[in-house]
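The basis for the numbers below is simple: all heavy atoms, side chains too, and nothing from hydrogens, waters or symmetry mates.
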Amino acid sequence: MRIGYPCINRTIDCTANNTFRLKSYSEIRLIDSLNKNLECLRKILQFNVENGLLFFRISSDLVPFASHPRNSFNWQKRFQEEFKGIGEHIIKNRIRISMHPDQFTLINSLTEEIFQRSKNELEYHAEILDLMNLDTTAKIQIHVGGVYGDKEKSIERFIERFNKLDKFVTRRLVIENDDRLYNVNDCLKINSETHIPILFDAFHHKLNNSTTQTTQEYFKLATRTWNEKNDGAPMVDYSSQKPDGPPRQHAETIDLADFGFFLRQTEPFDYDVMLEIKDKEKSALKALDFAMGDLRVKNFNKLASIKLF
DNA sequence: GCGAGTCAAGGTAGG
DNA sequence: CCTACCTTGACTCGC
């Protein structure tokens, strides 16, 4: 098991998602942001390795306006050495990497234009991971998309569109159950047609499940869609409800009692867990401490003390 | 230097 | 058909 957190580190004084407004777009701004973002990504990964956090989600904002028509700059070529260097450190330290395009990426959209934009956005994500020379265990996670008044048809459309994507994207693509529309059962239907792995989101599952099957059973159904050799250990998203917050809001900091309960529920399995919690690496470190002290967590990937960079 | 308003992209619910 | 809301951080502008 590896433990990780998404995109932002609040301890380090920099972020890997510097951006700007479209109105102020220029090649200079783009290069400047990308320089800062790659430099900061290095620092974050360095911090993570030093602290035993070996799972990380790279921000979709790493390259501002990457798939926007306004941007015709060949950033792939300009920064290929930098990407390659970061990739080498990721591989050397056996860091697990994921990416998560945001809500506007909808491959099952009713309109061809939105599908095309989504396809471009997915290709951008795959390019980043390719430029780093990461194998297919580095994943891109998306939700199934909209329902558009007819879930059956929308699932069919997802499958048709999935089959239109290039191999360099689909080999990295996984789907995640969401909190309102598509639950694990829906994802399983898509998996039976496409063999796309299902990323189990524990919090979303709590908020959106239609049967009496337990978390354990669904966890098992979802995680066994991952092919160990090509996909690596299953990725899992974990978070909990913010106490006294509006429903669905993610907690400010980790609830170790709840996390411990989740670990026990999923005990026999090896997987990598992403903690979607507001205070980011702070909670991830608490969880790491907790898990290392918990003898029941098997296959625990202890800190590799190799120095980065 | 600060706070408020706004930001590429879509969808759903409620009216 | 139209509007509010989802959800988050950070850019940008006006003071």
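- Going from the P atom of C:dA10 to that of B:dG10 covers 23 Å, rounded to whole Å.
- Enclosure of atom CZ in A:F261 is not indicated, since only 12 or fewer non-hydrogen atoms of other residues, nucleotides or ligands lie within 6.0 angstrom.
- In this structure, A:K119 atom NZ and B:dA9 atom P are separated by 22 Å, rounded to whole Å.
- In this structure B:dG10 sits in a base pair with C:dC6, meeting the Watson-Crick or G-U test at under 3.5 Å.
- Side chain of A:N17, nearest nucleotide from C:dA10, B:dA9, C:dT8: C:dA10.
- Between the NZ atom of A:K23 and the P atom of B:dT6 there is a distance of 11 Å, given to the nearest Å.
- Distance, A:D61 CG to C:dA10 P: 10 Å, rounded to whole Å.
- Atom name P, nucleotides B:dG5 and C:dC5: the rounded distance is 15 Å, in whole Å.
- Rounded to an integer number of Å, the gap from CG of A:D13 to P of C:dA10 is 11 Å.
- Hydrophobic clustering (ILVMFWY, side-chain heavy atoms < 4.5 Å, transitive): A:V169 and A:L199 are in distinct clusters.
- Of the two residues near DNA chain C, A:F20 and A:I8, the one whose nearest nucleotide lies more 5' is A:I8.
- Look at CZ on A:R180: it is 15 Å from P on C:dC5, rounded to the nearest Å.
- Because its NZ or CZ atom is not both nearer than 6.0 Å to the ring centre of A:F269 and within 45° of the ring axis, A:K220 does not count as a cation-pi partner of that residue.
- Counting to the nearest Å, the C1' atom of B:dT12 and the CG atom of A:N108 are 14 Å from each other.
- Look at the P atom in both B:dT6 and C:dA4: the space between them is 13 Å, to the nearest Å.
- Distances shorter than 4.0 Å separate some side-chain N or O of A:S24 from OP1 or OP2 on C:dT12.
- Relative to the side chain of A:S67, the nucleotides B:dA8, B:dG10, C:dT7 differ in distance, and B:dA8 lies closest.
- The cationic group of A:R70 does not satisfy the cation-pi geometry with A:F65, failing either the under 6.0 Å distance to the six-membered ring centre or the 45° limit from the ring axis.
- For A:T19, counting side-chain heavy atoms from C-beta on, the closest listed nucleotide (C:dC11, B:dG11, C:dC6) is C:dC11.
- Nearest nucleotide to the side chain of A:Y148, out of B:dT12, C:dC6, C:dT12: B:dT12.
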Practice problem: In sequence, state the C-alpha distance, the side-chain angles, and the governing distance for A:F203 and A:Y238, and then conclude on ring pair (Phe, Tyr, Trp, His ring centres under 6.0 Å). | Solution: CA-CA 6 Å; A:F203 188 40; A:Y238 167 87; 8.5 Å; no
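- The aromatic rings of A:Y271 and A:F219 lie perpendicular to each other, with more than 60° between the two planes, well past the 30° mark.
- An aromatic stacking contact between A:F104 and the base of B:dG10 is absent, as defined here by ring centres under 5.5 Å apart and ring planes under 30° from parallel.
- In this structure, A:T15 does not reach the C:dG9 phosphate: none of its side-chain N or O atoms is under 4.0 Å from OP1 or OP2.
- When both pairing distances are held under 3.5 Å, B:dG3 makes a Watson-Crick or G-U pair with C:dC13.
- Counting any heavy atom pair closer than 4.0 Å across all strands shown, A:S109 reaches sugar-phosphate atoms only and no base atom.
- Comparing B:dT12, B:dA9, C:dA10 against the side chain of A:D102 picks out B:dA9 as the nearest.
- At the phosphate of B:dG10, OP1 or OP2 sits under 4.0 Å from a side-chain N or O atom of A:R117.
- Rounded to a whole Å, the CZ atom of A:R21 is 6 Å from the P atom of B:dA8.
- Residue A:K242 contributes atom NZ, which lies 13 Å from atom P of C:dC6 at whole-angstrom precision.
- The side chain of A:R10 contributes no N or O atom lying less than 4.0 Å from OP1 or OP2 of C:dT8.
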